[in-house]
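Here the structure is laid out as structure tokens; the discussion comes afterwards.
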Amino acid sequence: MKVGIVGGSFDPIHYGHIQMAKTALQDLACDEVWFMPTKSTPLKDRSLTADVHRLAMIQRVMAYDDRFRLCTLEMDREGKSYTIDTVKTLKQKYPAYEFIWMIGNDQLAQFDQWKDPEELTSLIQFVCVDRDGQLVPTEYPIQRIHMEAMPVSSSEIRQGNKLNYVPYTVLGYIYEHRLYVENFIAARETRHRYKHSVSVAHLCEEMALANGLDGQKAYYIGLFHDIAKNMDVQHMEQWMDAICPENKKWAVPVWHGFVGSEIVDRVFYLDDPQIKNAIYHHVLGDDHDDPYAMIVFCADKTDPLRGYDSTDLINQCKADIYQGFWTVKNENDKYLEEGK
Ligand SMILES: [Fe+2]
Ligand SMILES: [Fe+2]
């Protein structure tokens, strides 16, 4: 039995990991690939997403190939996980198996910082997969193989970039459990608007639940409602030309609703028509039928961070969004009228 090991924090797992596993099967003739998630990474100080979530995401990928396995040896060990300890345990537990430890260029570049690198390479074969065409020099006896470029990292995904490199089932898990999602917003919005977005998200959720609606859906509408707000006008105009040139008749500050409703689908893969519709109408508050559109309009206007006492309005929306919406809308119209 020849086993390729793909180790990492898998925070989250993505197509780069999967491609590495396929390379082990196809190019190195491995019979199986074991995904080995770390408990904590000695070379990184960032705290990892809970083990239960990282495991669940890997588990969703196991169905892709019946030669994929999950190995929790490192996760089950107490304390920090060093590869040298793992390798020794593997050799002891499976004396008849041949193991190949797969690493990427980034890991090869830091290989001298691993614990006991000489001993490591004498115990087990390491193969470096070159995925960016760059040959990292190394003094260690490590085999190199080339793999088609897969320019993605887990840290990019945690910021909400390159989500097309995340298997659909894994992305579904991320949204279901709200992993990283507030980072997606923090990475794109000012601190002030980020706080507003998170606040509106929670308020939307509360209003939805109080009205017997889907709290999770409302949370995402609130979280993403201003996703296009900080976009520069030129960029926004390109989006408007592409998606709804007829709406350019509206003032520029209104556009972020139209553009945001497309971004949430095309960049973040939240392709729910109600999420899109609610974001689309949130600025004008001109959808008087869809309760989610009404909720985000009201939550946006009554966000406690706006600095006025909106408790009564919020309570009215929670009691009945169809009535509360008109109260908030009328109040808002009055406010705009007074401001003129
Ligand atoms: Fe907005
Ligand atoms: Fe807003």
Side-chain angles (χ1 to χ4, degrees), residues 160 178 181-208 213 215-240 243-244 247-268 270 272-288 290-311 313-314 316-318 321 324-325 327-336 339:
R178 303 185 187 177
V181 293
E182 293 186 4
N183 282 343
F184 295 1
I185 307 299
R188 286 165 181 78
E189 294 183 0
T190 61
R191 185 82 196 140
H192 176 74
R193 189 155 304 282
Y194 160 73
K195 284 185 169 176
H196 163 69
S197 298
V198 172
S199 173
V200 170
H202 290 297
L203 192 50
C204 282
E205 182 178 23
E206 287 171 25
M207 287 182 184
L213 295 161
Q216 181 84 321
K217 192 192 291 265
Y219 167 84
Y220 281 114
I221 292 168
L223 192 65
F224 283 98
H225 80 284
D226 275 342
I227 192 69
K229 183 88 176 183
N230 288 347
M231 192 183 273
D232 63 77
V233 179
Q234 263 186 331
H235 195 187
M236 185 116 70
E237 189 159 13
Q238 287 173 351
W239 274 90
M240 290 295 287
I243 60 174
C244 55
N247 283 343
K248 283 171 73 179
K249 63 178 187 239
W250 294 102
V252 173
V254 178
W255 293 2
H256 74 277
F258 308 130
V259 176
S261 77
E262 283 302 315
I263 288 182
V264 81
D265 175 6
R266 296 187 198 199
V267 178
F268 296 100
L270 281 167
D272 182 311
Q274 280 179 306
I275 294 181
K276 292 183 70 178
N277 181 65
I279 294 175
Y280 185 95
H281 292 285
H282 89 270
V283 188
L284 296 169
D286 58 348
D287 186 325
H288 310 153
D290 177 6
Y292 292 100
M294 294 191 232
I295 282 174
V296 68
F297 177 80
C298 295
D300 192 16
K301 298 290 178 280
T302 60
D303 172 14
L305 296 182
R306 288 197 185 269
Y308 73 98
D309 186 5
S310 53
T311 319
L313 289 172
I314 291 173
Q316 287 190 50
C317 292
K318 284 185 183 172
I321 187 61
F325 170 73
T327 313
V328 173
K329 183 138 173 86
N330 291 337
E331 289 274 321
N332 187 60
D333 289 350
K334 214 162 64 186
Y335 171 77
L336 293 176

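These numbers come from a predicted model, not from an experiment. For ligands, and for the atoms within them, numbers begin at 1 and follow the listed sequence. This chain uses plain numbering: 1 for the first residue, then up along the sequence.
- Side-chain polar atoms of Y292 and D272 form no donor-acceptor pair below 3.5 angstrom.
- Side-chain polar atoms of S199 and D303 form a donor-acceptor pair below 3.5 angstrom.
- Residue H256 counts as close to the Fe ion (ligand 1), with an N, O or S atom under 2.8 Å.
- Salt bridge absent: K329 and D286 never bring a charged side-chain N and a carboxylate O closer than 4.0 Å.
- Distance check for H282 against the Fe ion (ligand 2): none of its N/O/S atoms falls below 2.8 Å.
- Geometry at the Fe ion (ligand 2): NE2/H196 and OD1/D300 form an angle of 80°, nearest 10 degrees.
- The N, O or S atom of D226 with the smallest distance to the Fe ion (ligand 2) is OD2.
- Defined by atom type and a distance below 3.5 Å, a donor-acceptor pair is present between the side-chain atoms of H282 and D226.
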